[in-house]
Protein chains: 2
Amino acid sequence: MNEIAPLLVGDASRRDLSRQRVLEALRRDGPLSRAAIGRLTGLSPASVSAITGQFITEGLLCDIGADPPEASAGPGRPGQRLGFHPARGAIIGLWVGLDRLILHLADFSGETIEARDERLPLAALDAEALVAILADRVVHFSREAGSGMPILGVGVAFQGFVDQRKGEVVWSPVTRCTHVPLVAGLEAALGLPVDLDNDASAMAFAITQSEPALREGVTACVMLGDGVGLGVFVDGKPLRGVHGGGIEFGHVRFSARGPQCRCGARGCIESFLADYALYRDAMAVSDIGPPAEGRQPSETEMTRLVARAAAGDPALAGLFAEAGRVLAESLTMLIRLFQPDTIVLCGPGMRAWPLIEEALHAALDQRAIPFLARRAGIRALPFRPAFLTEGVIRAALERLDRRLAASS
Amino acid sequence: MNEIAPLLVGDASRRDLSRQRVLEALRRDGPLSRAAIGRLTGLSPASVSAITGQFITEGLLCDIGADPPEASAGPGRPGQRLGFHPARGAIIGLWVGLDRLILHLADFSGETIEARDERLPLAALDAEALVAILADRVVHFSREAGSGMPILGVGVAFQGFVDQRKGEVVWSPVTRCTHVPLVAGLEAALGLPVDLDNDASAMAFAITQSEPALREGVTACVMLGDGVGLGVFVDGKPLRGVHGGGIEFGHVRFSARGPQCRCGARGCIESFLADYALYRDAMAVSDIGPPAEGRQPSETEMTRLVARAAAGDPALAGLFAEAGRVLAESLTMLIRLFQPDTIVLCGPGMRAWPLIEEALHAALDQRAIPFLARRAGIRALPFRPAFLTEGVIRAALERLDRRLAASS
DNA sequence: CTCATTTTGTTCGATCATCAAATTATTGTT
DNA sequence: AACAATAATTTGATGATCGAACAAAATGAG
């Protein structure tokens, strides 16, 4: 007998909802004139003026010049564009990979101030040390890169199983610890609100939000790289359980007789398609030696492997073709489950796309799914490291927006 | 640059939203006093009185006596319970199975007035004839069962792939036609609003809504019967794409070397677990003959098969144990993808539950999923045919509520 | 250059859904 | 019987919103 939704009761929350809608429109569609905000939110010009005026005095929004001429295109007074006040503060986005860290500082409007890529061995640490060192790196980074602005929040994208509700890293290839209370630990150490997400989900979020076309209908983002991840979005909103864990696509079983996966199970999709899996198989069919550090091949080693395969090594090329066939099978499952309009393939693994593409499409055509397949358009997206952090930064900003819209 | 949500602008829609919330609370939690509605929706007593008063004069709600004594339990004036006015009208729910039809008449409060189970050969019909005969059965049923009340809407639960946005049956084992425009056809023939859903999704909806505990967290309902279906719900709301097709769990590949499925693909989960699959395998390992009509075994034939296996036929019992293992594997995938708090097993196939249970749990224990499995509680729900239609009736009522809340 | 036209943004009065508080009603408890 | 407790209604005040009127700033035709 819990409440349906305690939101939107009374006049105070009614105003808050309108404020929220204004901020949402601005986050989605960049700087906007008051008139445009009115059209997008459905509020009257009078209300938009009142609300934006309030936001400006609160230092949340600011005027950033007239509409560019191409936007107006006709007679009439040009609109004054409003945007998030960059100097309001900054957000730090953190991606935690295998022995590697990406730190990303963005201002309140979402613009990148600085990004940094660090090598950092994490595997041997216990949970407390892991949290401590991450907090330490964040503090250092914000001190060195910070532009004097206050840090408003931190977003963390983590490889592995994540429980957003508890703020825990349940399991991750990054560390042998399980159930690491990352959010509580970082919030205590930093004194800042911390958002946690699975890295593939966060990346899928960044990609889906980055393009209006992907915010319509069902978009499935498959991330290939250290692991295999998936994010599914319906009209721009993520499809996920209340626990906020990602859809653990990479750990769905592909074959009962497959190799042992890092997660402990056998035959996971990831254990065929992830970087480490491809490298492992490459070692078996060629004279390529083991990775320099640990079991995980570095970006350079992966690039070299792909280059050799592309140069004509038939055994290695066959490996990637086989990966394409496994991927096709996995996408087939994905199509059956979610019937996406668009499937976006992305992630570091896309470095091998030219080697995968043909086999993938051939296999997909061969095992076309009656009545469901036609719809899904498959798009390959070149990888940018910034994708890894943009998702959590965006999420942190949106959470901030919700808080700022409410208090008034 | 589409609007964020054109709802809730201006005072008119503000009232409509409150009206909607009142109706939602009443649909969810049965008859309620005004005070209880206030607590559930967060509205003040004054507003609840105003809104419910309006609904009563509109003939939508009615007073149905005082709160039962066990509800109040203490001093104080007992509340007067409000409920949907039963005489406002009726909804017809229709389930379309293989050569079989269930018709279900419910009043505006959702109470069953009459239900009927008909045999009806549909396989040979073309699309137009299929729509025509379904419309004809609905008209006959409403004439014979109708209690003089106007019919307000029709809900149809159909086996197979359904596109709710287009109102189409994309593919179904019921008919060899594809892309049947069922909603348009029935609406034209009946002059009534028609809701269409996949039958497993609708059943999952009915089950999830029927129990408060299942409306919290993530609930996955797996339906075993003529096919294998799935509905996933997060806090009582269905997880589905914009096209409104169900999650085609039954047509996810289980094994590349599996039997041919009705959908045309090979090795679908359904082709191992559906009634027809179990019967097919039973024919192979025993002297059981082919089904009396077509390829599809009847309920009686399936019951007899289960009885023989339960009586001790080792070959047949092994068949169901094998089904338990396949189901375990499928649930493992489901857990990885959705991390449900509860998995509900239901549907006609549950007649064989005692034969499946042990093997299922043994296999699940054996391939326990690191860090994810612990959470999911598996519940077996005895099958009731009414589940098949209650979901679409509920959906039709809720759509009606939304319309009635809006117009005023 | 001048003026009509068009679009942007603000101001002001009216509307109306909501709430808090007061009031009436109805029960159980002491 | 007096009192406490809960339910429902009435009433006055609040305030978010809208429409309409208006000011501002651009284009373009003559």
Side-chain angles (χ1 to χ4, degrees), chain A residues 5-22 31-57 61-82 405-406 408, chain B residues 5-22 31-57 61-82 405-406 408:
Chain A
L7 289 165
L8 181 76
V9 177
D11 278 342
S13 57
R14 186 183 173 202
R15 183 55 174 270
D16 287 353
L17 194 76
S18 293
R19 285 165 58 92
Q20 164 95 39
R21 288 159 60 83
V22 168
L32 293 168
S33 69
R34 291 169 179 80
I37 293 173
R39 282 190 296 269
L40 255 60
T41 58
L43 279 93
S44 70
S47 301
V48 174
S49 270
I51 290 171
T52 53
Q54 217 172 342
F55 277 140
I56 289 171
T57 63
L61 300 181
C62 64
D63 203 299
I64 46 175
D67 257 349
E70 71 271 15
S72 58
R77 171 178 169 178
Q80 290 297 109
R81 295 197 304 168
L82 299 175
S408 96
Chain B
L7 289 165
L8 181 75
V9 177
D11 278 343
S13 55
R14 188 183 171 200
R15 183 56 174 268
D16 286 354
L17 193 76
S18 292
R19 286 165 58 93
Q20 165 93 40
R21 286 160 63 81
V22 168
L32 293 167
S33 68
R34 290 170 181 79
I37 293 172
R39 281 190 296 270
L40 256 61
T41 58
L43 284 115
S44 70
S47 300
V48 174
S49 270
I51 289 171
T52 53
Q54 216 172 344
F55 276 139
I56 289 170
T57 62
L61 300 181
C62 64
D63 203 300
I64 47 176
D67 257 348
E70 71 271 14
S72 57
R77 169 177 171 182
Q80 291 296 111
R81 294 198 305 167
L82 300 175
S408 98

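A note on names: the letters A, B, ... follow the listed sequences, proteins ahead of strands, and every chain is numbered from 1.
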Could you write out each protein N or O paired with an N or O of nucleotides 5-7 of chain C at a distance under 3.5 Å?
residue: C:dT6; atom: O2; partner: A:G76; partner atom: N; Å: 3.2
residue: C:dT7; atom: O2; partner: A:R77; partner atom: N; Å: 2.8

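Between the P atom of D:dA16 and the CZ atom of A:R21 lies a distance of 16 Å, rounded to the nearest Å. The separation between B:L40 atom CG and D:dA7 atom P is 13 Å, rounded to whole Å. When rounded to the nearest whole Å, the span between CZ of B:R14 and C1' of C:dC16 equals 8 Å. Residue B:Q20 contributes atom CD, which lies 18 Å from atom C1' of C:dT18 at whole-angstrom precision. The distance from atom CG of A:D16 to atom P of D:dG15 is 13 Å, rounded to the nearest whole Å. Distance, B:L17 CG to C:dC16 C1': 16 Å, rounded to whole Å. Following rounding to the nearest Å, A:I51 (CD1) and C:dG9 (C1') show an atom-to-atom distance of 15 Å. When rounded to the nearest whole Å, the span between CD of A:Q54 and C1' of D:dT17 equals 14 Å.
Put simply, the side chain of A:L82 does not reach to within 4.5 Å of the side chain of A:I64, judged on heavy atoms. Taking 4.5 Å as the limit, some side-chain heavy atom of B:D16 sits within range of a side-chain heavy atom of B:R19.
Counting any heavy atom pair closer than 4.0 Å across all strands shown, B:S49 reaches a base atom.
Here A:S33 reaches the OP1 or OP2 of C:dG9: one of its side-chain N or O atoms lies under 4.0 Å away. For the pair A:S47 and D:dC18, the criterion of a side-chain N or O lying under 4.0 Å from OP1 or OP2 is met.
Taking every heavy atom of both residues into account, B:R34 and B:V48 meet most closely at O-CG1, 3.5 Å. Residues B:A36 and B:L32 approach most closely at CB-CD2, 4.0 Å, considering heavy atoms. Closest approach of B:V22 to B:L43, counting heavy atoms only: CG2-CD1, 4.5 Å.
Annotation: side-chain contact (heavy atoms from CB on, under 4.5 Å) contacts of A:R77 (sequence neighbours excluded): none. A:S33 pairs by the side chain to side chain donor-acceptor pair (under 3.5 Å) definition with nothing, not counting sequence neighbours.
Nucleotides of DNA chain D nearest to A:V48 and B:V48 differ in position, and the one nearer the 5' end is that of B:V48.
With distances taken from any side-chain atom of A:R15 to the nucleotides C:dT10, D:dA16, D:dC18, the minimum falls on D:dA16.
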